[in-house]
Amino acid sequence: MGNSTDAVLFPGMGPARAAELGRFLVIDPLARRLLGVAEHALGRSLLDPLARADEEYNEHTQIAFVLASLALAERAEREHGLVPVAVGGASFGERAAVVRAGALPVPDLVRLVDAVARREREYFETSHQDLVSQFIVRTPEPALGEILDGIGHELSGRFDDEVHLVTLRESELDEFVRRVRAAGGYALTTMRPAAHARMLGGLRDRLAEEVFGGFGFADPVLPIVSDQDGEPIRTGDEAASLLLESTVNAVRLPGLVHRFAGLGVGRVLVAGPDHLLHRLPGLTSAFTLLRADLKDTWKPKPRPRLPEAVAA
């Protein structure tokens, strides 16, 4: 396929291993350069807290995840000769997408992620401590109605026909998981704190007032395809809104897939530590997927061995 049919898609954060991210930021040359930019923007070390992190989802792991994703994308685009016509991000991956599209420079994005993470932590210390968001798979959408009957919830994400994210009270989580399993589905990651839910409007308002007003977003050089409604984002204001409204808007990844296809995309680079996207039938059936992950990208590639006849 021609280069004109390429796109980049950044994954959301799965279970984050701080030590693994920190090691990658030191070993990989592209990531190491971004690490220097990030630490200068923060005015403090990023590696030190990663080395002693005892919690998976904090400002340090979030920043490290974005830096790793951007470095992986940069190398993979170069190695595969990709010329993206669009970029997108699933959930947290929106942050890397905004940088790759040229709407926000790395130093600003680092400061933004840091500020948002700190406000989120403060917010959840006093509000909605009883909420979680649960990933479920092999659960067709028609079955969800019966599974969720009588359980207060919000559908926080539809990643594929049988992959969903549901926000509910933790007191109802065991019963929800029991029903999912009884229907033949599986319960995966439980997100604490909750995400992508209308009931988090108070957090969204606080972020709008205290954080986002301090950053200026440029018009993207590449269109960013929204993971919330599949619409292309072409202005700085729309890029800022994408990140802010992700607090309360559900992820609707099939809309992004449909838009990529409408743009003529044939190859999609999934760039970043990914536990989900490369497994989604909606993506794998629509595009040729290329992966750039921590596990195999930064490691030195062995030199090819010559055939015995040639070597002799």
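As the structure is a prediction and not an experimental result, all values here were calculated from the model.
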Do the side chains of [X] and [Y] join up, straight or via other hydrophobic residues, at under 4.5 Å, putting them in one cluster?
| X | Y | answer |
| --- | --- | --- |
| L294 | I63 | yes |
| L72 | L82 | yes |
| F215 | L70 | yes |
| V26 | V66 | yes |
| Y186 | L165 | yes |

With no hydrogens and no angle check, just 3.5 Å: does a side-chain donor-acceptor pair link [X] and [Y]?
| X | Y | value |
| --- | --- | --- |
| T190 | Q134 | yes |
| D229 | S226 | yes |
| T247 | H196 | no |
| E94 | Q228 | yes |

Practice task
Show your reasoning for whether side-chain contact (heavy atoms from CB on, under 4.5 Å) applies to L67 and V106.
Solution key: CA-CA 9 Å; L67 299 180; V106 171; 4.2 Å; yes
A side-chain contact here means heavy atoms from C-beta on lying under 4.5 Å apart; do [X] and [Y] qualify?
| X | Y | answer |
| --- | --- | --- |
| T61 | M13 | yes |
| H153 | T167 | no |
| L112 | F212 | yes |
| L131 | E170 | no |
| R279 | V137 | no |
| P11 | H275 | no |
| V85 | L222 | no |
| F135 | V166 | no |

SB check [X] [Y] (cutoff 4.0 Å):
| X | Y | answer |
| --- | --- | --- |
| D161 | R138 | no |
| E238 | R234 | no |
| R111 | D108 | yes |
| E77 | R100 | yes |
| E231 | R259 | yes |
| D149 | R179 | no |

Practice task
Measure centre to centre between the rings of F92 and F10, then say whether the value is under 6.0 Å.
Solution key: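 No, ring centres 6.0 Å or more apart.
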Practice task
Test R32 against D28 for salt bridge (Lys or Arg N to Asp or Glu O under 4.0 Å), laying out the working first.
Solution key: CA-CA 6 Å; R32 192 163 59 243; D28 182 87; over 6 Å; no
Does the [X] side chain pair with the main chain of [Y], one donor and one acceptor, at a distance under 3.5 Å?
| X | Y | value |
| --- | --- | --- |
| S285 | P281 | yes |
| Q129 | E125 | yes |
| E59 | V113 | no |
| D274 | H278 | yes |

Problem - Parallel, tilted or perpendicular: ring planes of Y123 versus H128, cut at 30 and 60 degrees - result: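 Aromatic pair Y123/H128 classed tilted.
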Indicate the atoms forming the closest heavy-atom contact of [X] with [Y], along with that distance.
| X | Y | result |
| --- | --- | --- |
| A38 | V110 | CB-CG2, 3.8 Å |
| A73 | A271 | CB-CB, 3.5 Å |
| L263 | A86 | CD1-CB, 3.8 Å |
| G216 | L104 | O-CD1, 3.6 Å |
| S69 | P273 | OG-CD, 3.8 Å |
| A195 | S133 | N-OG, 3.1 Å |

Problem - Within 6.0 Å of CZ in R206, more than 12 heavy atoms from elsewhere - result: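 Yes, because the 6.0 Å sphere around CZ of R206 holds more than 12 heavy atoms from other groups.
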Exercise for the section: Evaluate the salt bridge (Lys or Arg N to Asp or Glu O under 4.0 Å) criterion for residues R23 and E20: first the C-alpha distance (whole Å), next the side-chain angles of each, then the deciding distance (0.1 Å), finally the verdict. Expected result: CA-CA 5 Å; R23 185 165 58 250; E20 184 180 22; 5.1 Å; no
How far does [atom1] of [X] sit from [atom2] of [Y], to the nearest 0.5 angstrom?
| X | Y | atom1 | atom2 | answer |
| --- | --- | --- | --- | --- |
| R252 | D227 | CZ | CG | 10.0 Å |
| I233 | D219 | CD1 | CG | 12.0 Å |
| H60 | L47 | NE2 | CG | 11.0 Å |
| L269 | D6 | CG | CG | 8.5 Å |
| L276 | L253 | CG | CG | 8.0 Å |
| L35 | R33 | CG | CZ | 11.5 Å |

Handout entry: Identified side chain to side chain contact (heavy atoms under 4.5 Å, CB included) partner of L277 from the options T284, V268, L283
Key =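 Among T284, V268, L283, the one meeting side chain to side chain contact (heavy atoms under 4.5 Å, CB included) with L277 is L283.
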Practice task
Go through the steps for V132 and F176 under the test side-chain contact (heavy atoms from CB on, under 4.5 Å), then give the verdict.
Solution key: CA-CA 12 Å; V132 296; F176 174 59; over 6 Å; no
Problem - Candidate pair L9 and V87, rule side-chain contact (heavy atoms from CB on, under 4.5 Å), full reasoning - result: CA-CA 6 Å; L9 180 59; V87 62; over 6 Å; no
Problem - Steps toward salt bridge (Lys or Arg N to Asp or Glu O under 4.0 Å) verdict (E141, R158) - result: CA-CA 9 Å; E141 196 157 355; R158 180 172 181 261; 2.7 Å; yes
Exercise for the section: Mind running salt bridge (Lys or Arg N to Asp or Glu O under 4.0 Å) on R119 and E210 for me, showing each step along the way? Expected result: CA-CA 9 Å; R119 297 309 192 285; E210 299 180 7; 2.9 Å; yes
Exercise for the section: List the steps and the verdict of side-chain contact (heavy atoms from CB on, under 4.5 Å) for F217 and V98. Expected result: CA-CA 9 Å; F217 288 71; V98 165; 4.0 Å; yes
